[in-house]
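The block underneath contains the structure these notes are about, expressed in structure tokens.
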Amino acid sequence: MDKAVAKILQKDLVGNDVVTPEELSVLMQVTDEEVLAKIYKKAYEVKTAYVDNVAYYRGLIEFSNRCIKNCKYCGIRRENDKAERFDMTEEEILEMARWAYDHEYGSITLQSGERTDDEFVDYMIELIQKIKQIGDGSLGITMCVGEQTEEAYKRMKEAGASRYLLRIETSNQKLYETIHPKDDLHSYQTRVNCLKAIRKAGLQVGTGVMIGLPGQTLQDLVDDILFYKDMDIDMIGMGPYVVHHDTPLGQEALQAGLDTEKKKLERLQLGLKMIALTRLYLKDVNIAATTALQALDPLGREKGLVAGANILMPIITIPKHRAKYLLYDNKPCVDDNADKCKDCLTRRVMSIGDRVGWKANGDSKHYFKRMHHV
Ligand code: SAH
Ligand code: SF4
């Protein structure tokens, strides 16, 4: 093993030692699987010490694929007229939320394409309020419905949502501009301002990036981790970029030969390395092992847990809508139902020696410390 890498891994990272930004760059360059396994092991130790080896579930409800935006990588972008659009009914969404509660999920995530019209925001508020009336009201709610006004974020918080997930996608503004159309609707600065507004609204702030984007460098990824720190983020949801064939970026990637098995494995490795390095650097945040990992490797999500992630987002979307919410190709679990996903993921968690945090909301320890100044 490289001397510089060995020296970093000898640090007492479970204790008070920290990784420096320069050391992150050194670790980010490692590609030897044996050395990576040592990095993952260290990250797993840090995870166990700081957030415990418990996986918390956020049942994922993908309730609509209507979107006003045109992100170049995403399968449900406005201009993809091959995507069959759907909206779940309110009763369907509530039914899934009740399923999550009955099956002892601590929380759910409501995700959709982006809409900012008043009708949509009012509907979100009503939904949050109704979900909060389920059972003893303990089901945690994470919102993931894109860029909204500060006022809308505040109303969601007041209605009972506790977290908000808005990925920065990449913290390199230039790269951000190449993967989005150049117009006011897709502004990097607006995205950053939204993250600040989410925090101001009192919500736990979640962000993340896509990993292995065409044109992204290893230093970009290091900078992404530094961005999480700068923004004092509570939870991270990031995953490999996965090609969707009916998108402009997907077409580019296909033509540039970036969608071969070899390239996919590289993106998987990068995705796992990002999880591990984020754990080593930030220690007490929540980090999700996302579905995109599994799109590239059947064991992708458990590998994410082994590399330091502590959150899973089992899909609870009812079967008839699953195949229509396709952000990228080869989305796993589209033929499954919520019961199957629960059993399957639980086996995955136990297979690596973690436990499931049934009923627990699994709030970010980082958020707790931030609120209590410890
Ligand atoms: N519309 C909302 C939420 C749904 S999209 C929003 O954009 O915030 C949720 C996430 O899916 C995005 O943030 C993006 O990071 C991810 N995503 C979209 N297309 C993807 C692709 N081709 N590969 C990997 N992740 C993708
Ligand atoms: Fe819409 Fe989100 Fe996809 Fe962008 S990433 S096109 S905002 S669903």
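Just so you know, ligand 1 is whichever comes first in the structure, and atom 1 is the first atom listed for that ligand.
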Sub-6.0 Å ring centroid separation between Tyr176 and His180: yes
Arg163 side chain reached by Val205 side chain, heavy atoms, under 4.5 Å: no
Should Glu92 and Lys320 count as an ion pair when the cut-off is N to O under 4.0 Å? yes
Do any nitrogen or oxygen atoms of ligand 1 lie under 3.5 Å from a protein nitrogen or oxygen, and which ones?
from, atom 1, to, atom 2, distance (Å)
ligand 1, 1 (N), Ser112, O, 3.1
ligand 1, 8 (O), Arg191, NH2, 3.2
ligand 1, 13 (O), Glu169, OE1, 3.4
ligand 1, 13 (O), Glu169, OE2, 2.6
ligand 1, 15 (O), Arg167, NH1, 2.8
ligand 1, 15 (O), Glu169, OE1, 2.6
ligand 1, 22 (N), Tyr73, O, 3.1
ligand 1, 22 (N), Val242, O, 2.7
ligand 1, 23 (N), Val242, N, 3.0
ligand 1, 23 (N), Val242, O, 3.3

Checking Tyr241 against Tyr73 for the ring pair (Phe, Tyr, Trp, His ring centres under 6.0 Å) test, could you report, in this order, the C-alpha distance in whole Å, the side-chain angles of both residues, the deciding distance, and whether it holds? CA-CA 8 Å; Tyr241 163 64; Tyr73 41 84; 7.2 Å; no
Regarding Arg322 and Glu62, does a basic nitrogen lie under 4.0 Å from an acidic carboxylate oxygen? no
Residues Lys174 and Asp220 bridged, charged N to O under 4.0 Å: no
Nearer than 2.8 Å to atom 4 (Fe) of ligand 2, the protein contributes N, O or S atoms numbering 1
Tell me, do Phe86 and Met88 make a side-chain contact under 4.5 Å, heavy atoms counted? yes
Lys229 charged N/C atom sitting above Tyr281 aromatic ring, 6.0 Å / 45°: yes
How about atom 3 (Fe) of ligand 2: does it have a protein heavy atom within less than 4.0 Å? yes
Basic-acidic side-chain contact under 4.0 Å: Lys154, Glu150: yes
After noting the C-alpha distance and the side-chain angles of Arg191 and Glu169, does the key distance pass the side-chain contact (heavy atoms from CB on, under 4.5 Å) rule? CA-CA 9 Å; Arg191 200 102 183 146; Glu169 315 296 0; 3.3 Å; yes
